[in-house]
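Written below as C-alpha cells is the structure these notes are about.
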Amino acid sequence: SNNDVNDVQADRDIFYSRTTDNGLAWSACLPVHANAAFDFGDDTNVEIACDDSIFVATWTSLDSLGGTIGTDSDILYCRSVNGGQTWSAVAPLNTNASSDGSDRDNRPAIACDHNGNWMTVWSWEPTNASNSDIRCARSTNGGLTWSNPGLVNLNGLTDVVDDQFVKLAVDESLRWIVTWETSDTFGGVLGNDSDIIIAQSGDAGVTWSRERRGNDTAADDGIIGDFAPSIATNGTGQWVLAWTTEDSFGYGVGADTDIAFARLQLTPSPDCNGDSIPDMCQLASGLADSDYDGVPDVCEPPPEQFGSVTKIAMTGEASPAGGSYGDFYSAEMRDFSPVVYSAVVPGNPPDVKERETSNTDGIVVRADSQAPGTAEGVWFANSFTEYWVNSPGHVVFASDVTGPGVNGSNDLGLWMNSRGTNEYIAREGDQAAGVPNGVTFSQFAAQSGFIPRIRMNDSGTVTFTGQLLGPGINSTNDRGVGI
C-alpha cells in the first residue's frame, strides 16, 4: 500500500490482516515491518508462506534499512511465530544485500515443504548486466536464517536474455519445481519469443535439474509469447502449470491473450535408462537433452524414427499445368486429406492445387476461370484469400471475382470443391439467410490472427462469418455466423 495509515511514510509498504474464522472476518490492516513508520524505499511484490504457526513474508524493497544495505532493490523478509499476531524485525533475505552494489533482486516467491525446508526464489539482474537470472536461497530453521544465494537456471552464467516472473511449489515427496518466463532459445531449440521453463530439485534446492520447457509448443510456436507462469500441486505427484499466452493452440480462441495450463505427472525419481541414477541428476551433470523435454537423449528414439520428410513441390519444378513453379503461398492438410497448396506459375494465373497420395497434381481452382454461380464472364481473380481442407479432401475457399457487374459490394465469394467440381456457397451482395428481405452480406469478416474465417467439417458442412448491410442493421447487429 502507498497509503499514509498508522503513521507510516507515504512510500509503499507491506500490510497484513488476520482471520481466525476461516475468512469470515478480518482484523484491521497493520504494517508487517516495524520500520514502515520511518523507511523511505518502496516495498512491493510481497509473497507469504506458512508452516503451522510460522509465517514468513518476503518482498522486493528499495529500503536501505537505515544504511545497512544499499538502495538497490533487494529481497527482505520478516517472520511471525504466533500466527501473524506479531512480526520480527525486517532483514535482508539475499545475504549479499550489503555488498551487491547495484544488483537488482526482484519479485520473490516462497514455499516450504512442512518438513523443515524453506525456499525463496527471485529474479536477479547483476550490476552492469543486461539480463536477469533466477536465484534461490534456502532455510532449514523456519526462515530464521537463509543460505547464500545460488543459481537455479544452470545457463545463468552464459545466457544473455531475461529470466523472470518466477514461481515455485513443493509436493509431499519433497520434489521442488520452479517455473519462470524466459526468451532464451537454448541454442536455437526454442523460438525467440518468451516461453515457460521449469526446473526440478530433489534436495531442497541444493542442486537443480537442467531447464526444460513447460509449454510443449515452445519449439514451434514462432513469435507467440507465453508469460508469467504459476504452479501448484496437490502434494501427491500431480501438478498444474498455468500462464498467460498469446497462442490460440488452433482452438479458435482469438488473437488476444488468454490463460493456458498444462498438467505434469511426476513419477518418483525417473530413471529412463535403468542405471540407478535419476534422470534429473544425469541432466544436471551434463547428459544431453537436446529438445529440453526433461528426458535424456539416450532414452529417446533418434530423429529419423520420428518420420521422414517428403517433398510435395518446389520452385523451379515443372507444374502439370505447364510452366514452372515460381512461388508458394501456403499449404493445408488434415488427417487423411491430400496436401492442398497455393502456387504461382510465372506466365499462368495463380491457382490452388492438391497433391494426391499417388503424387499426381490436380487443379482445385484457377484464376481467370469462370466462377460457378455467377454471370457469364465473371471470373476468379488473382486472389484466393483463404481456403480450408477437410479429411475427405474437399476444399472450401474464398476468392475475389472480376468481370461484368462486379464492384466493391460483390467482389468476394465462397465456393467448395468436391474433388473436381466447384460449388457456389455465398457472395457479397447476396441475401443473408434468417434475416429480413433486403439484408445482404456486405463483406466476409477478415482473417483474425491465425484463425481462418471459413471452416468445414468432414461431412462437408461449411461455417463462415460475415458482415450485414440493409434495413434495420446497425453496429450492434451487423455481424453473423453462417452455416
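Note that the coordinates shown come from a computational prediction; the quantities given were computed from them, not determined experimentally. Numbering of residues begins at 1 and proceeds along the displayed sequence.
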Seminar exercise, completed: Separation between CG (Leu154) and CZ (Arg210), nearest 0.5 Å, reads 8.5 Å

Problem set entry | Check: Tyr16 ring centre within less than 6.0 Å of Trp87 ring centre | yes

Exercise. Does Pro229 offer a backbone N or O that forms a donor-acceptor pair with the side chain of Thr179 under 3.5 Å?
Worked result: no

For this session: For the pair Asn153 and Ile197, evaluate side chain to side chain contact (heavy atoms under 4.5 Å, CB included) and give the outcome as yes or no after the intermediate values.
Result: CA-CA 9 Å; Asn153 55 314; Ile197 296 297; over 6 Å; no

Exercise. Are a donor atom and an acceptor atom from the side chains of Thr476 and Asn474 found within less than 3.5 Å of each other?
Worked result: yes

Problem set entry | Main-chain N/O of Thr145 paired to Ser139 side chain as donor or acceptor, under 3.5 Å | yes

For this session: Please check if any side-chain donor atom of Asp74 sits under 3.5 Å from a side-chain acceptor atom of Asn94, or the reverse.
Result: yes

Problem set entry | Asn141 side chain vs Leu144 backbone, donor-acceptor pair below 3.5 Å | yes

For this session: Answer yes if the side chains of Asp133 and Trp124 hold a donor-acceptor pair under 3.5 Å, and no otherwise.
Result: no

For this session: Carefully, step by step, assess Glu125 and Arg135 under the rule salt bridge (charged side-chain N to carboxylate O under 4.0 Å, His left out).
Result: CA-CA 10 Å; Glu125 185 175 335; Arg135 271 193 158 179; over 6 Å; no

Exercise. How about Asp226 and Thr245: does a side-chain donor come under 3.5 Å of a side-chain acceptor?
Worked result: yes

Exercise. Taking atom CG of Asp184 and atom OG1 of Thr158, what is their separation to the nearest 0.5 Å?
Worked result: 8.0 Å

For this session: Give a yes or no on whether the backbone of Thr461 and the side-chain of Ser459 come within a donor-acceptor separation of less than 3.5 Å.
Result: no

For this session: Rounded to the nearest 0.5 Å, what's the gap from CH2 on Trp180 to CD1 on Ile198? Could you check?
Result: 9.0 Å

Exercise. Among side-chain atoms of Asp72 and Ser102, is any donor-acceptor pair under 3.5 angstrom?
Worked result: no

Exercise. Heavy atoms, side chains only, cut-off 4.5 Å: are Pro108 and Tyr77 in contact?
Worked result: no

For this session: Output yes when a side-chain donor or acceptor of Asn96 lies under 3.5 Å from a complementary backbone atom of Ser99, and no otherwise.
Result: no

Problem set entry | Test item: Ser73 side-chain N/O and Asp105 main-chain N/O as donor-acceptor pair under 3.5 Å | yes

For this session: Say whether, by atom type as modelled, one donor and one acceptor occur between the side chain of Thr58 and the main chain of Leu76 under 3.5 angstrom.
Result: yes

Problem set entry | Gap separating the CD1 atom of Ile196 from the CZ atom of Arg212, nearest 0.5 angstrom | 13.5 Å

Seminar exercise, completed: To the nearest 0.5 Å, atom CH2 of Trp243 lies from atom CG of Asp195 at 9.5 Å

Problem set entry | Distance, nearest 0.5 Å, that separates CH2 of Trp388 from CG of Leu414 | 14.5 Å

For this session: Please answer whether the main-chain N or O of Ile259 pairs with a side-chain N or O of Thr244 as donor and acceptor at a distance below 3.5 Å.
Result: no

Exercise. Between Ser132 (side chain) and Asp163 (backbone), is there a donor-acceptor pair under 3.5 Å?
Worked result: yes

For this session: Look at atom CG of Asp21 and say whether more than 12 heavy atoms of other residues, nucleotides or ligands are closer to it than 6.0 Å.
Result: yes

